[in-house]
Amino acid sequence: MLLEFSQLQTQLHLLCQERSSLLDTLRQLEAANIEVKASGGPECEYPLTQQEYSDLRRAKYSEWSTTESSDDVEKQELEEASEDDETYFFDTNDCFPEQSTSCESMGKELKIQPNVMADSAHLQIERRKKLPDPAEKEKGVSLWSLIKDNVGKDLTRVCLPVYFNEPISSLQKCFEDLEYSYLLDRAYQHGKEGNSLQRALYVAAFAVSGYASSEGRHCKPFNPLLGETYEADYPEKGVRFFSEKVSHHPTLIACHSEGKGWKFWGDSNIRTKFWGTSIQLDPVGILTLEFDDGEIFQWSKVTTSIYNLILGKVYCDHHGLMHIRGNREYSCKLRFKGQHFLERNPRQVHGFVEDASGKKHATLFGKWDDSMYYINGVANVKPKDMGDAHLLWQRTMPPTNLTRYNLTSFAITLNELTPGLQLPPTDSRLRPDQRHLENGEYDMANAEKLRLETRQRMSRKLQENGWKPRWFQRDGEEGTYRYVGGYWEKREERKWDGCPNIFGELSKEINDSISRS
């Protein structure tokens, strides 16, 4: 223990030196940028552009943040390191020297998707970095008074005050799974070059990466209205995404996304139940990933549980088996290890890539909230094996200005009304209660949420009378909802015929008919 503590002290001392050096470098760069602006010279002549500098500074300062929250995280990591040697598995500086950010290694990584990097360099799209400042002081709500009346019930059918929501909808939350879509770009490129094993590995890393944004997210997204939609066009990522609520009972959300050389789609339903001091979320539905060369991977999500709703620190955990089935040579099985009371190293993910005969070709391991690695062949993932491991995915550092919602930097951009958007009246960004919550107008948000939930009561009758989704169609009676096309073309034409104003006021006649029913 003394030896380990001494090693940790040495590492911490080196990190402090690197931090000091980094801060000096940033101050010099800032001073140089100021001098360039003062001289009136064009900013593009300076080797580090203003955008690159701000991104670098934001990333580094979030990494070396000295706020209370980051100190707590560092303290917790050091305590875990002293208690369990497994923590060293994920120390990339010690165990993965070949992964250092040298010019040669960075060059190799950039060659994987040169078009994406080139497009991003030209687009320079500015997206917001934080949510608006709240207009009102938030009012607390008694959680126990709600829980005691709803134990064992489906959470999606329980009317909760807006205090328990985060300012995004379930439609937008689906797009969070594509935050690390570059993993699919790399998977497509590897498959195009004939490396099917690498493709399967990157697909597995992508399937795990979607859980990283759930860390610290204890609020519930808004339940969409029937027919509510959401579009996301991120040309800097090379991704277009569209989702729609296609059924109210049962609640079903369908989504479709397209990238460079791949398509991703699926429909999902979450069965949610209160268990006194915890909430269990069981996903229902299949996600499908298809590459342009015809290779397909399919999988379902694992169970998510949120604990300590009454006493203690609230936290979420993902647990269960994820089987990623491929239609060609390789498939993958990943085990999300459940967190127990005495667990020293939680959030572990471990699995293998197998061929059709069941032979294991690669071992995957990591944490769903941090990173994923792989080793060729079968390995027990011990420190002596780490020299042969390779990094697949690393989580992006959280923003420095966190709110109680703990949204990631990517999630903060999802509800933004960027200039020039031509949205249909069904888009989640136009939902009034969600917008009021984002602006910190809590009383108005609660009033609008109650009004929209009253309107939502007519959804079952609409479905019984033959209502059909506008942009998705089901493959058979029990099949997956598939995108039928036409949305982006209507967007170009700026014609939204047939898209009702689902967030508007109901007429008195409709309100009376709902009350009578």
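Heavy atoms only, all atoms of each residue included: L364 and A204 are closest at CD2-CB, 3.9 Å. Between S214 and W368, the closest heavy-atom pair is OG-CZ3, 3.6 Å. The two atoms that bring P167 and L407 nearest to each other are CG-CD1, 4.4 Å, heavy atoms only. Closest non-hydrogen pair, G479 versus R474, comes out as O-NE, 2.9 Å. Across all their heavy atoms, K333 and L321 have their closest contact at CB-CD1, 4.3 Å. Heavy-atom minimum distance, I324 versus V203: CG2-CG1, 4.2 Å.
For the atom pair CH2 (W299) and NE2 (H323), the distance works out to 12.5 Å, reported to the nearest 0.5 Å. Atom CD in E258 sits 10.0 Å away from atom CH2 in W265 (nearest 0.5 Å). With values rounded to the nearest 0.5 angstrom, L226 atom CG is found 8.0 Å from E244 atom CD. Interatomic distance, OG of S243 versus CG of D427, reported as 8.5 Å (0.5 Å rounding). Rounding to the nearest 0.5 Å places CG of L281 at 9.5 Å from SG of C316. Taking CD of E176 as the start and CZ of F241 as the end, the distance is 10.5 Å to the nearest 0.5 Å.
Here the side chain of N446 pairs a donor or acceptor atom with the backbone of V162 at under 3.5 angstrom. Between the side chain of R451 and the backbone N or O of G504, at least one donor-acceptor pair lies under 3.5 Å. Judged purely by atom type and a 3.5 angstrom limit, R435 uses its side chain to pair as donor or acceptor with the backbone of R429. Counting only distance, with no hydrogens or angles, the side chain of S300 and the backbone of V284 share no donor-acceptor pair below 3.5 Å. Between the side chain of E136 and the backbone N or O of Y442 there is at least one donor-acceptor pair closer than 3.5 Å. Between the side chain of E492 and the backbone N or O of E489 there is no donor-acceptor pair closer than 3.5 Å. S247 contributes no side-chain N or O that, together with a main-chain N or O of L252, makes up a donor-acceptor pair within less than 3.5 Å. Proximity of a side-chain donor or acceptor of K237 to a complementary backbone N or O of E179 within less than 3.5 Å is detected.
Proximity of L452 to P432: side-chain heavy atoms (C-beta onward) are separated by under 4.5 Å at one or more points. Residues F291 and F297 meet the side-chain proximity criterion, which asks for heavy atoms closer than 4.5 Å. Residues F336 and D317 form no side-chain contact, since every pair of their non-hydrogen atoms from C-beta on lies 4.5 Å or further apart. With contacts defined as side-chain heavy-atom distances shorter than 4.5 Å, the pair T396/F410 does not qualify. Residues E448 and F503 fail the side-chain proximity criterion, which asks for heavy atoms closer than 4.5 Å. Within the 4.5 Å cutoff, the side chain of R128 has heavy atoms near those of the I412 side chain. No side-chain heavy atom of K245 sits less than 4.5 Å from a side-chain heavy atom of L225. A 4.5 Å side-chain heavy-atom check between I296 and T288 finds at least one atom pair inside the cut-off.
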Would you tabulate the side-chain donor-acceptor contacts of residues 352-360 under 3.5 Å, counting partners in other chains and residues two or more places apart, or write 'none'?
residue : atom : partner : partner atom : Å
D355    : OD1  : S357    : N            : 3.0
D355    : OD1  : S357    : OG           : 2.7
D355    : OD1  : G358    : N            : 3.1
D355    : OD1  : K359    : N            : 2.9
D355    : OD2  : S357    : OG           : 3.4
D355    : OD2  : H361    : NE2          : 2.9

Exercise for the section: Determine, stepwise, if the pair R240 / D233 fulfils salt bridge (charged side-chain N to carboxylate O under 4.0 Å, His left out). Expected result: CA-CA 5 Å; R240 268 185 170 182; D233 188 6; 3.7 Å; yes
Exercise for the section: Carefully, step by step, assess L437 and N165 under the rule side chain to side chain contact (heavy atoms under 4.5 Å, CB included). Expected result: CA-CA 8 Å; L437 177 62; N165 288 96; 4.0 Å; yes
Practice task
Starting from the C-alpha separation in whole Å, work towards a yes-or-no answer on side chain to side chain contact (heavy atoms under 4.5 Å, CB included) for K260 and L184.
Solution key: CA-CA 8 Å; K260 296 185 177 181; L184 298 183; over 6 Å; no
Problem - Criterion salt bridge (charged side-chain N to carboxylate O under 4.0 Å, His left out) on K495 and D497, from CA distance to verdict - result: CA-CA 6 Å; K495 294 181 179 179; D497 301 335; over 6 Å; no
Exercise for the section: Test S169 against E228 for side chain to side chain contact (heavy atoms under 4.5 Å, CB included), laying out the working first. Expected result: CA-CA 10 Å; S169 73; E228 186 173 337; 4.2 Å; yes
Exercise for the section: Evaluate the criterion side chain to side chain contact (heavy atoms under 4.5 Å, CB included) for residue pair L421 and E231; output intermediate values, then yes/no. Expected result: CA-CA 10 Å; L421 267 181; E231 70 158 69; 4.0 Å; yes
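Less than 6.0 angstrom separates the ring centroid of F206 from the ring centroid of F264. Ring centroids of Y202 and Y188 are separated by 6.0 Å or more, keeping the two rings apart. Annotation: H390 is in aromatic contact with Y374 [ring centroid separation under 6.0 Å]. Ring to ring, W393 and Y180 are close: their centroids are under 6.0 angstrom apart.
No hydrogens or angles considered: a donor-acceptor pair under 3.5 Å links the side chains of T304 and H318. Remark: the S305 side chain and the Q280 side chain contain no N/O donor-acceptor pair separated by less than 3.5 Å. Looking at D282 and T303, their side chains do bring a donor and an acceptor atom within 3.5 Å of each other.
Scored by the ring-ring contact (aromatic ring centres under 6.0 Å, His included) test, W496 finds Y487 as partners (sequence neighbours excluded). Residues satisfying the ring-ring contact (aromatic ring centres under 6.0 Å, His included) test with H256, not counting sequence neighbours, are Y483. Taking the ring-ring contact (aromatic ring centres under 6.0 Å, His included) definition, one finds that Y230 meets it with nothing, sequence neighbours left out.
Figure legend: K301 and Y211 shown as a cation-pi pair, the cationic atom lying under 6.0 angstrom from the six-membered ring centre and within 45 degrees of its axis.
Comment: E215 does not engage K367 in a salt bridge, judged by the lack of any side-chain N to carboxylate O separation of less than 4.0 angstrom. By the 4.0 Å N-to-carboxylate-O rule, E166 lies close enough to K173 to be salt-bridged with it.
Contacts classified as salt bridge (Lys or Arg N to Asp or Glu O under 4.0 Å) and involving residues 199-209 (residues at least two apart or in different chains) are given here: R199-D293, R199-E295. Listed by first and then second residue, the side chain to side chain donor-acceptor pair (under 3.5 Å) pairs involving residues 405-419 are Q172-N415, Y234-T413, N415-Q434, N415-E438 (not counting sequence neighbours).
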